[in-house]
S.K.: 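The structure's right below; bear with me while I get my questions together.
In the text below, chain A, chain B and the rest are named by the order of the sequence lines, each starting its count at 1. As the structure is a prediction and not an experimental result, all values here were calculated from the model.
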Number of protein chains: 2
Amino acid sequence: MTRPKHRPLTLRDVSEACGVSEMTVSRVLRNRGDVSSATREKVLASAKALGYVPNQIAGSLASQRVNLVAVVIPSLSNMVFPEVLTGINRTLDDTPLQPVVGVTDYLPEKEEQVLYEMLSWRPSGVIIAGLEHSDATRAMLTNAGIPVVEIMDTDGTPVDSMVGISHRRAGRKMAEAILKQGFSRIGFMGTKMPLDHRARKRFEGFTEGLTKAGIEIEDREFYNGGSALAKGREMTQAMLERSPDLDFLYYSNDMIGAGGMLWLMDQGVDIPGEVGLAGFNGVELLEGLPRQLATMDACRSEIGEKAAQIILDRSAALDTEDSFEPQHITLAPKISFGQTLRRHGQG
Amino acid sequence: MTRPKHRPLTLRDVSEACGVSEMTVSRVLRNRGDVSSATREKVLASAKALGYVPNQIAGSLASQRVNLVAVVIPSLSNMVFPEVLTGINRTLDDTPLQPVVGVTDYLPEKEEQVLYEMLSWRPSGVIIAGLEHSDATRAMLTNAGIPVVEIMDTDGTPVDSMVGISHRRAGRKMAEAILKQGFSRIGFMGTKMPLDHRARKRFEGFTEGLTKAGIEIEDREFYNGGSALAKGREMTQAMLERSPDLDFLYYSNDMIGAGGMLWLMDQGVDIPGEVGLAGFNGVELLEGLPRQLATMDACRSEIGEKAAQIILDRSAALDTEDSFEPQHITLAPKISFGQTLRRHGQG
DNA sequence: CTGAAAGCGCTAACAT
DNA sequence: ATGTTAGCGCTTTCAG
């Protein structure tokens with residue numbers, strides 16, 4: 001018994017089933033134009049009975065509009081990006097627009113490929129992580145003729161709009177806060193960052209902030225892959241054995257920071273008396289740790305929401321022929337002191 | 001200075017630019033059919049120079065084939081699903097197929113909507129989480145006439161193919177392992193699960209496993225939302241204050257388990273001497289905890305890979321008119337004992 | 001190896 | 001309020 005080769009239903013099938021022209025059926029299904037409620041009912045009934053699902057491929061080709069938004073991100077393994085996606089989803093949820101996600105694995109060539117494939121669907125907009133792209137990628141973004149929002153980072157020049165935080169400033173602010181608390185022998189741990197520009201900028205801002213106060217990082221270590229929590233442990237142990245004088249550890253993300261904190265607590269180290277700690281991201285995870293790690297919120301879901309909103313506004317503007325200026329939104333992440341950064345009471 | 005209204009380039013533009021028929025340009029761009037390498041070069045050069053990006057909407061309509069795979073999952077906030085996506089991505093990466101993700105927030109009505117929208121793009125296949133769907137959803141899946149793989153769970157009857165683990169069996173196996181270690185006063189903590197069928201089935205399998213040994217859960221608590229790690233802490237505290245006699249705590253996911261473990265360690269409770277612990281999922285995070293939490297791997301990325309592979313094989317089979325039987329793959333998750341379940345040496 | 005014609009399933013624009 | 005006509009940009013099919 002072979003399954004019958006299912007030719008998908010077409011408007012014509014519905015049209016014939018209810019004796020109404022294809023055009024009217026189309027109008028009913030899209031809630032466009034005036035249709036008598038009598039025929040509307042008839043059409044809806046037939047469509048449902050048959051189990052008709054419209055063909056957007058044909059629809060989009062005919063109408064020259066595609067309700068897709070391309071979203072290009074480096075990874076799904078780092079919770080930061082799913083959170084941005086959640087923000088995008090939330091904003092787009094009650095609109096006709098639908099996000100389509102592509103993942104680049106932090107590789108510029110892959111970013112190029114992924115973007116090319118997404119653009120071939122002629123989406124209504126692009127949301128793409130970061131400001132650093134290959135020339136080809138930038139050219140595609142420019143020439144696509146659709147709204148483009150570069151997200152997460154604002155240290156640089158976008159093709160069109162951007163929404164994010166300044167990672168350089170984030171690093172600098174953290175340096176300032178640490179110094180203000182009287183810490184001075186500082187170690188840094190983070191990912192190897194040849195291609196993670198945001199981590200790199202945070203690091204640069206951080207060292208810059210220290211330098212202004214005449215201070216230099218005393219020790220640093222970079223990792224690659226593996227369980228971040230475990231890496232945080234290992235690196236912290238290694239670093240403190242190597243540089244026992246350190247009085248502060250700055251981690252480029254909360255996960256390794258949490259790992260470090262757990263190790264230090266195992267060792268009975270007084271935090272922040274002996275060693276202060278700070279991470280980056282403001283991940284929800286931290287709330288359950290034995291001690292609140294100081295961190296800085298990366299505004300992940302807000303970035304997603306704002307970026308999606310820009311695409312929405314732009315699409316609307318394109319429909320009404322309104323002009324629309326590129327938006328450059330820089331969010332200001334706040335330091336959360338937790339219990340690992342503040343040395344002197346409410347300092 | 002208004003930006004010129006960018007009409008996207010068409011095949012015709014490339015055709016005119018290089019003096020070759022649209023048809024031949026199309027052939028070159030798709031590597032189909034024989035084209036002299038002379039003209040091939042010419043076409044490729046013009047296409048690149050112009051920055052032409054093919055229009056898949058038109059292409060798919062004409063060819064009646066769409067290189068999209070619909071992936072429908074409940075959430076992005078639970079790392080389980082991004083990990084499944086990563087598995088799918090990995091398998092599909094060097095194929096023409098591309099995943100498109102829809103999120104249902106565990107709501108059956110939303111699942112219906114999302115699936116409807118995805119099917120309207122006439123994808124080559126559907127990968128959808130779970131076996132429980134509304135009648136309408138099931139009808140759409142059946143009538144779509146494309147390969148469907150239901151993933152994560154195998155306790156039930158799929159529409160077509162399925163890849164996953166038996167959560168009922170997972171719960172039962174964990175119950176057996178716990179009893180075998182001599183624990184007998186057992187508490188359970190998990191999410192409120194009206195719509196999380198997999199969590200529910202694990203719980204059912206667990207109680208069933210205990211019942212067979214004449215044992216009942218002594219206490220239980222369910223939570224909703226919030227930081228899982230923090231919830232694990234709170235619930236564990238509350239439960240042990242309420243039921244101080246418990247000698248084992250089974251958590252429906254690793255995050256709350258980790259929270260519970262951290263709280264117990266704060267209290268100086270001997271693990272597993274006084275209280276044994278186990279979670280579920282095998283999340284990477286656990287590797288960095290002060291003590292390895294016992295858990296069970298949910299085979300997340302393997303499920304993604306296998307599911308994608310089924311879609312691939314099926315698409316190939318459809319092309320060659322081969323027949324293809326539905327696949328039902330049940331993976332067997334293994335218990336990882338860690339350091340919180342084994343009471344007696346290598347017991 | 002290359003080109004010309006037809007049409008994929010729908011919708012914009014114009015009838016009526 | 002409803003129907004008709006003509007494509008959208010590409011690929012299939014068939015001719016050279």
S.K.: So do A/Ile128 and A/Val159 actually touch side chain to side chain, heavy atoms under 4.5 Å?
M.R.: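 Side-chain contact under 4.5 Å: no.
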S.K.: Find the distance between CG (B/Asp105) and CG (B/Leu195) and round it off to the nearest 0.5 Å.
M.R.: 11.0 Å
S.K.: Kindly state which residues belonging to residues 22-38 of chain A come within less than 4.0 angstrom of DNA chain D, counting heavy atoms of the residue only, listed by number.
M.R.: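 Nucleic-acid contacts, sorted: A/Met23, A/Thr24, A/Arg27, A/Asp34, A/Val35, A/Ser36.
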S.K.: I need the A/Glu112 CD to A/His133 NE2 distance, nearest 0.5 Å.
M.R.: 11.5 Å
S.K.: More than 12 foreign heavy atoms under 6.0 Å from CZ of B/Arg12: is that the case here?
M.R.: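 Atom CZ in B/Arg12 is not packed in, count stays at 12 or less.
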S.K.: Under the side chain to side chain contact (heavy atoms under 4.5 Å, CB included) test against A/Met162, which residue among A/Thr154, A/Thr157, A/Val149 passes?
M.R.: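 Answer after filtering A/Thr154, A/Thr157, A/Val149: A/Thr154.
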S.K.: Starting at CD of A/Glu305, measure out to CG of A/Leu92 and round the result to the nearest 0.5 Å.
M.R.: 11.0 Å
S.K.: Can you tell me how far apart OG1 (A/Thr142) and CZ (A/Arg138) are? Round to the nearest 0.5 Å.
M.R.: 7.5 Å
S.K.: Out of curiosity, B/Ile151 CD1 to B/Phe81 CZ, how far, rounded to the nearest 0.5 Å?
M.R.: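 Answer for the CD1-CZ pair, B/Ile151 versus B/Phe81, is 8.0 Å.
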S.K.: Identify, residue by residue, the members of residues 51-69 of chain A with a heavy atom below 4.0 Å from DNA chain D, and return them in order of residue number, or none.
M.R.: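 DNA chain D contact set from residues 51-69 of chain A: A/Leu61, A/Ala62, A/Gln64.
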S.K.: Could you tell me how far apart A/Glu16 (CD) and C/dC10 (P) are, to the nearest whole angstrom?
M.R.: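 It is 12 Å, rounded to the nearest whole Å.
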S.K.: Which nucleotide of DNA chain D is the first, and which the last, in the 5' to 3' direction, to come under 4.0 Å of a heavy atom belonging to chain A?
M.R.: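 The contact span of chain A on DNA chain D goes from D/dA1 to D/dG9.
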S.K.: Carefully, step by step, assess B/Gln56 and A/Ser120 under the rule side-chain hydrogen bond (donor to acceptor under 3.5 Å, both in side chains).
M.R.: CA-CA 5 Å; B/Gln56 295 241 40; A/Ser120 74; 3.1 Å; yes
S.K.: About how many Å separate CZ of B/Arg198 and CG of B/Asp153, when rounded to the nearest 0.5 Å?
M.R.: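 Separation between the atoms: 6.5 Å.
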